[in-house]
Each structure stands twice: as structure tokens, then as C-alpha cells.
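Report on the following structure.
The residues of the chain are indexed from 1 along the displayed sequence.
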Amino acid sequence: MTAPRNDTFLRALLRQPTDYTPIWLMRQAGRYLPEYNATRRRAGSFLQLCKSPAMACEVTLQPLERFPLDAAILFSDILTVPDAMGLGLYFAEGEGPKFEHPLRSETAIHALKVPDPTVELRYVVDAVSEIRRALDNSVPLIGFSGSPWTLACYMVEGGASDDYRHLKTLMLDRPDLLHHLLGVTADAVTRYLNAQIEAGAQAVMIFDSWGGALSAHAYREFSLAYMQRIIAGLTREHDGERVPVIMFTKGGGQWLEAQVEAGADALGLDWTTDIGLARERVGDRVALQGNFDPTALFAQPAGIRREVHRILNNYGNHPGHVFNLGHGISQHTNPDHVSALVEEVHRHSRVIRTAGKV
């Protein structure tokens, strides 16, 4: 396949020089956009929207029609994998995702099977193919999955949790059983991401949303080790092009040196980590993605522009930066503020490149 006409995002992930800093946003297709809400209403539910390749394609493209973003990301949900493993995903109004069959017994955990992504997750694979065709090589398409630890948080707790008491109790009382669960899930994620790559994803991202809830030693054993296993099993070149991998642990900025060893091309940062110090810590071993606080998008455009300058100036005139939020965009965000963010990232990063220094 032909490389995208705008390949700035891919080149930044590979730490190659770019004319400006590329930007995309986590959850960039979402409830802050009125056109997304209209499509979701037509779909009838969030899950039906995810499971319709045509509608998933439609909402994936919506933010690109509003903003000059440098990448598209597949519209889906991290919990599609455990749903395909038979846990029965559903969304309770006002309560978020839940599972009908949370993993609360040794028998249930040992019964887990790795799903075939071309069968149980065919709707995702078809969505990737459809989005690639619709993009027509304009910008790259990102595929993604949740990390095994983050997926296990939902699979064992049965939904969102403040303290992960069931999973952490399992971790301490039966680490062997948790390792089995994480191993099966890691194999499922590896197959799932490789299927997305085969269908046309040009970069993939692993979302470790709840890895930061672990202690340092537990993070290495129960989260990082399984992301490293996934990365080692991924297709890293497809159709003659490198397929970069981004790994993001929210709340994991204190473990960057260990994360570098996992083999990803780029590490995501949330807003609690100083991006300039992070760059010094990782050197030229990986690219960095981040790390604008999504809450700062509630500020007026002038305040947004100042924060953009702070982050870009802090990173400096070095290759390997993809601008992004430190987590997903809020549904209450004003789209005009997103426009201000994207425009200023492109504008000010070009100023930095031209000057050769900050």
C-alpha cells in the first residue's frame, strides 16, 4: 500500500526529523462532537456503534473533517477483547461498562480461550479495512488495544473500580492464577493487534490505563512484562513499511527507564510528567507522546496557547515528539478549543523548527 500523504506522525514515532510536531487526540472521536452524538443516536447504543464497521468508520473520520489532525484512530473500545472471550460486555446507563460474567473463580479463569480476531472480532477488522479505504492515504490509521493488566481490571472487577480490590487480592493470594489470566489475555491482544495491522492499521497503541495503580515491583511483574510480551509478538513491518508501536501507562511516568526496555517505538506520557525531563531520561531510544492536560481545554484559547508553548518549548527542537493529551478528551470540551489547540501546536512547532532553538 502507498504511504500516507501526510506521514508526519509516523516519522515522528520513528524519531525522524519533521517540519512540525504532529498531533492527534486520545478519544478524538467522541461525545464532545455533536456529529458523533447524532451518529450514536442513529446506532441506538455505544456497543452497536462499535459493532457497525460503517458507523465506526463514519465517526473515526468526523474529527478529521473538523480539525487538521495528523492521524486517525480506529473507533472501538478496549473491552471488545474480553467481550470476545465470553464475558458478556454491556453498558449500564450512567455506570459505564460492565461484564455479565466477571472472573471470580479459578474455573472461570482457566476456561478462558484466545478468540480468533477474524471471527469473534471480525467487526473490528472490517472497520479497520473500511477506514483505511475511506482515508485514501491522507493520514495514518492507528489501531489499539488495552493492556492485559488494564483489561484484567475490568474482567475481574466486573466493571470500573476505585480500588481494584478483587484483582489485587487475586494478585497477592494467587499470583499463579493471575499470571495465567494475563498470559491468555496477552496472547489475545497480540493476535488482535496483528489482525488490525494486517487489515491496514499503520501504527498500534497499547493503553495501560490502570497500570499506574500498581506498586513499582507489581507494575513490572504484572503489567510491563505482558506488554513487552505483546510487543515482541507484533508484526513490525507490513507492506514494506515499519509499523510503530506506542505504549502508554497512565500514571507511569516514574517508570520510563523500565518502559524503554519493553521495545515500543514511543511512550505516552500523562500531564503529571515533565516532558523535558522525560526526554532527557529516555534520550534517543524512544519517541514521546503527550502530554497536555485534557482539563486545560476548558480554558480560553489564550490559556490553551500558553500551555501548548510550555510543552513544546520544554520538549525543545528535537525529533520524536507526537503532541497529544495526557488522557482522553472530556465530553464537555468545546470543539472550538480543540481547534485552537491543534492550530497552535502546528504553528508554534514550526516556529521552533525555523528558529532551531527555543
Side-chain angles (χ1 to χ4, degrees), residues 4 6 9 23-84 88-98 117 120-146 154 159-160 192 195-196 199-205 207 209 294 297-298 324-325 327-342:
N6 176 1
F9 164 73
I23 177 173
W24 69 277
L25 308 176
M26 285 187 271
R27 210 181 292 140
Q28 66 188 23
R31 288 179 288 175
Y32 75 105
L33 293 176
E35 55 268 40
Y36 167 87
N37 293 319
T39 306
R40 179 167 168 167
R41 284 192 295 272
R42 281 197 290 113
S45 72
F46 175 75
L47 204 51
Q48 287 175 287
L49 179 57
C50 288
K51 292 190 174 184
S52 165
M55 286 188 169
C57 177
E58 181 180 327
V59 295
T60 296
L61 299 181
Q62 285 170 350
L64 299 172
E65 292 164 359
R66 269 190 182 255
F67 317 116
L69 296 159
D70 295 290
I73 182 166
L74 163 71
F75 181 82
S76 187
D77 191 87
I78 64 170
L79 299 182
T80 53
V81 170
D83 184 45
L89 175 65
Y90 69 99
F91 286 81
E93 189 65 34
E95 297 183 42
K98 291 186 176 294
E120 289 92 346
L121 290 161
R122 184 77 218 180
Y123 63 92
V124 178
V125 176
D126 288 345
V128 171
S129 297
E130 190 160 340
I131 295 163
R132 270 300 303 272
R133 287 193 297 271
L135 285 170
D136 192 28
N137 290 322
S138 55
V139 296
L141 174 61
I142 306 165
F144 73 92
S145 175
Y154 291 97
Y192 182 50
Q196 292 182 39
Q202 292 149 293
V204 292
M205 181 164 171
F207 284 90
S209 302
L297 282 170
F298 293 116
N324 207 312
L325 307 180
H327 204 233
I329 191 168
S330 166
Q331 62 176 302
H332 305 295
T333 302
N334 184 337
D336 291 340
H337 291 195
V338 175
S339 290
L341 172 73
V342 175

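A distance-only check finds no donor-acceptor pair linking the side chain of D126 to the backbone of P53 [under 3.5 Å]. When atom types are taken as modelled, the side chain of N37 and the backbone of R31 share a donor-acceptor pair closer than 3.5 angstrom.
The heavy-atom pair separating A127 from A56 by the smallest distance is CB-CB, 4.1 Å. In terms of heavy atoms, A72 sits closest to Q28 at CA-NE2, 3.8 Å. The shortest non-hydrogen separation linking S145 to I78 is C-CG2, 4.2 Å. A54 approaches E130 most closely through the heavy-atom pair CA-OE2, 3.4 Å. A pairwise comparison of heavy atoms in S76 and V124 identifies OG-CG2, 4.0 Å as the closest pair. The two atoms that bring P294 and G328 nearest to each other are CB-O, 3.6 Å, heavy atoms only.
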Mind running side-chain hydrogen bond (donor to acceptor under 3.5 Å, both in side chains) on Y192 and T80 for me, showing each step along the way?
CA-CA 10 Å; Y192 182 50; T80 53; 3.1 Å; yes
Would you sort out whether R27 and H327 count as a side-chain contact (heavy atoms from CB on, under 4.5 Å), showing the intermediate values?
CA-CA 8 Å; R27 210 181 292 140; H327 204 233; 4.2 Å; yes
Candidate pair T39 and Q62, rule side-chain hydrogen bond (donor to acceptor under 3.5 Å, both in side chains), full reasoning:
CA-CA 10 Å; T39 306; Q62 285 170 350; 3.0 Å; yes
Hey, mind stepping through Y90 and L47 against side-chain contact (heavy atoms from CB on, under 4.5 Å) and telling me if it holds?
CA-CA 8 Å; Y90 69 99; L47 204 51; 5.6 Å; no
Evaluate the side-chain contact (heavy atoms from CB on, under 4.5 Å) criterion for residues E65 and E35: first the C-alpha distance (whole Å), next the side-chain angles of each, then the deciding distance (0.1 Å), finally the verdict.
CA-CA 11 Å; E65 292 164 359; E35 55 268 40; over 6 Å; no
So D70 and V139, side-chain contact (heavy atoms from CB on, under 4.5 Å) or not? Walk me through it.
CA-CA 6 Å; D70 295 290; V139 296; 5.6 Å; no
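With a 4.5 Å cut-off on side-chain heavy atoms, P82 and L89 do not count as touching. Side-chain contact check for R132 versus N137: some heavy-atom pair is nearer than 4.5 Å.
When each of T333, L69, L297 is tested with L25 by the rule side-chain contact (heavy atoms from CB on, under 4.5 Å), just one qualifies, namely L69.
Between Y32 and F67, the ring planes lie parallel to each other; the angle is under 30°, not in the 30° to 60° tilted range.
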